[in-house]
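The structure appears below as structure tokens.
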There are 2 protein chains.
Amino acid sequence: MEKTFKIGELALQTGCAVETIRYYEREGLLPPPARSSANYRLYDEAHAERLMFIRRCRSLDMGLAEIQQLLALRATPDGSCGGVNALLDRHIEGLAQRIAELESLRRQLLDLRSLCHETLTAKECGILHGITAGSA
Amino acid sequence: MEKTFKIGELALQTGCAVETIRYYEREGLLPPPARSSANYRLYDEAHAERLMFIRRCRSLDMGLAEIQQLLALRATPDGSCGGVNALLDRHIEGLAQRIAELESLRRQLLDLRSLCHETLTAKECGILHGITAGSA
DNA sequence: AGAAACCCTGTAGCAGCTACAGGGTCAATA
DNA sequence: TATTGACCCTGTAGCTGCTACAGGGTTTCT
């Protein structure tokens, strides 16, 4: 006999909100669990493990679609893991791009900020003029 | 006589999609323009300038609420520009935090990636195991 | 028995758009 | 003149990844 537990307990175990678990089920990331006679969801260890996997992927900023792919790859243990490697590479590349973008933004904002050090009136403020002129 | 133009022309001038312009109006970032007899929106130069300001702020990744504040500050040209400076400082700080987060993620992903260099079967893949074990 | 704590479904909200559907208007061409 | 095509209008739904209800049923504790 496997031990089963209700959604609140699964939420505690995994640090995932109850409503998020139901959301993952709706989105097809978690398979629909068994139901009790009162229609309560009954989970087992396999669900808990799968949910932890999902949460770790999310903490690595992967999207739900990417996670779906990883779960699918994981579900065929004798298949090649080339897809896993490729997915991670793409994800890392995406992150690097986003970081570069944000850094460029930060530099632009620092430049803009340097246009007004004192507190003047708005009409004299170098920042407002800088945005309006727009070297960005 | 001021020259006026329709929404499509404003979109071309500013590089902003027509539906985005209507969206900004709904959100109160752009004042409702005059209308032609056929109920078409009629814009003038002031609208175009304001929209360019908004677009430049967006390109600096500011949120619409932040932009609202800047527009309000700009609208009182004799008021102090201290609020502008503070807003920019907050925004720059937020960016710096987000960059740090993403860089930490990237390092974690690179670590994970290093667990599988060859193409193995999924069940042997160090990455899948790494996610499951979860040092993140 | 009654109240608190849990569970259910379904829907709406967040940001900042984008993409329709289903209509009206206008200019130019055949 | 009729019709095509390009434009405009409103209103609504979709995207991502949840979160927060409302309005009910169930279980558990006292």
Side-chain angles (χ1 to χ4, degrees), chain A residues 4-30 32-44 47 50-71 91 94-95 98 101-102 105, chain B residues 4-30 32-44 47 50-51 53-71 90-91 94-95 98 101-102 105:
Chain A
T4 62
F5 31 87
K6 290 185 283 179
I7 198 167
E9 209 175 328
L10 181 61
L12 273 185
Q13 262 184 55
T14 57
C16 181
V18 165
E19 323 216 282
T20 304
I21 296 173
R22 289 197 280 247
Y23 170 73
Y24 287 162
E25 183 182 328
R26 273 200 306 284
E27 296 300 303
L29 287 159
L30 279 178
R35 295 289 183 133
S36 78
S37 58
N39 201 32
Y40 287 12
R41 289 173 178 82
L42 295 178
Y43 295 97
D44 59 22
H47 286 101
R50 191 179 172 99
L51 181 52
M52 287 304 297
F53 185 90
I54 293 169
R55 288 267 94 191
R56 266 187 218 106
C57 289
R58 285 293 300 135
S59 79
L60 294 169
D61 210 34
M62 293 182 199
L64 300 191
E66 284 176 306
I67 298 173
Q68 283 276 31
Q69 290 176 53
L70 279 185
L71 287 167
H91 192 67
L95 264 185
R98 184 78 187 125
E101 274 173 34
L102 291 183
L105 274 180
Chain B
T4 63
F5 31 88
K6 290 184 286 181
I7 198 169
E9 207 175 330
L10 181 61
L12 273 184
Q13 262 184 56
T14 56
C16 181
V18 165
E19 322 216 283
T20 304
I21 296 173
R22 288 198 280 245
Y23 172 72
Y24 287 161
E25 182 180 329
R26 273 201 304 285
E27 296 301 303
L29 288 159
L30 278 178
R35 297 287 184 135
S36 77
S37 57
N39 202 31
Y40 287 12
R41 288 172 178 82
L42 294 178
Y43 295 99
D44 59 23
H47 285 101
R50 192 178 172 101
L51 181 52
F53 185 89
I54 294 169
R55 288 267 94 192
R56 264 187 219 106
C57 289
R58 286 293 300 133
S59 79
L60 295 169
D61 210 33
M62 294 182 198
L64 300 191
E66 284 176 308
I67 298 173
Q68 283 276 32
Q69 289 176 53
L70 281 186
L71 286 168
R90 270 199 308 280
H91 194 67
L95 263 186
R98 184 75 187 129
E101 275 173 32
L102 291 183
L105 274 180

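Throughout, a chain's letter reflects where its sequence line sits, starting with A, and its residues are numbered from 1. Below, each value reflects all heavy atoms present in this structure, side chains not excepted, and no hydrogens, waters or symmetry copies. All values derive from a computational prediction rather than experimental measurement.
- The base of C:dC20 is paired with the side chain of B:E19 by a donor and an acceptor separated by under 3.5 Å.
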Under the side chain to side chain contact (heavy atoms under 4.5 Å, CB included) rule, what do A:D61 and A:H91 come out as? Steps first, then yes or no, please. CA-CA 9 Å; A:D61 210 34; A:H91 192 67; 4.2 Å; yes

Start with the C-alpha gap between B:Y23 and B:R26, add the side-chain angles, then the distance that decides, and say whether side chain to side chain contact (heavy atoms under 4.5 Å, CB included) holds. CA-CA 5 Å; B:Y23 172 72; B:R26 273 201 304 285; 3.7 Å; yes

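- When the P atom of C:dG16 is taken as reference, atom CD of B:E25 falls 18 Å away, rounded to whole Å.
- Side-chain N/O atoms of A:Y40 include none lying less than 4.0 angstrom from OP1 or OP2 on D:dG25.
- The separation between B:D61 atom CG and C:dC17 atom P is 10 Å, rounded to whole Å.
- What separates CD1 of B:I67 from P of C:dA15 is a distance of 13 Å, to the nearest Å.
- Between A:R35 atom CZ and D:dT27 atom P the separation is 14 Å, expressed in whole Å.
- A sub-4.0 Å separation between OP1 or OP2 of C:dA15 and a side-chain N or O of B:Y23 is absent.
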Pair A:Q13-A:Y43, side chain to side chain contact (heavy atoms under 4.5 Å, CB included): steps then yes or no: CA-CA 12 Å; A:Q13 262 184 55; A:Y43 295 97; over 6 Å; no

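- The phosphate of D:dG11 (OP1 or OP2) has no side-chain N or O of B:R26 nearer than 4.0 angstrom.
- In this structure, A:E9 places its CD atom 12 Å from P of D:dT28, rounding to the nearest Å.
- In this structure, A:G8 and B:A38 both approach DNA chain C, and ranking their closest nucleotides by distance from the 5' end singles out A:G8.
- Mapping B:S36 and B:R58 onto DNA chain C by nearest heavy atom places B:R58 closer to the 5' end of the strand.
- The side chain of B:I7 approaches D:dC9 more closely than any other nucleotide in the set D:dC9, C:dC26, C:dG16.
- For the pair B:R22 and B:E19, the salt-bridge criterion is met [side-chain N within less than 4.0 Å of a carboxylate O].
- For A:E27 and D:dT19, the CD to C1' distance is 14 Å, given to the nearest whole Å.
- Look at A:R41 and you won't find any side-chain N or O under 4.0 angstrom from OP1 or OP2 of D:dT26.
- Here B:T20 reaches the OP1 or OP2 of C:dT18: one of its side-chain N or O atoms lies under 4.0 Å away.
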Is there a side chain to side chain contact (heavy atoms under 4.5 Å, CB included) between B:R41 and B:R35? Walk through the geometry before answering. CA-CA 5 Å; B:R41 288 172 178 82; B:R35 297 287 184 135; 3.4 Å; yes

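- One can place CD of A:E66 at 14 Å from C1' of D:dG17, the figure rounded to the nearest angstrom.
- Base engagement by B:R22 is indicated by at least one non-hydrogen atom pair under 4.0 Å involving a base atom.
- Here the P atom of nucleotide D:dT16 and the CD atom of A:Q68 are 12 Å apart, to the nearest Å.
- Between B:R55 and C:dG16 there is no side-chain polar atom (N or O) within less than 4.0 angstrom of OP1 or OP2.
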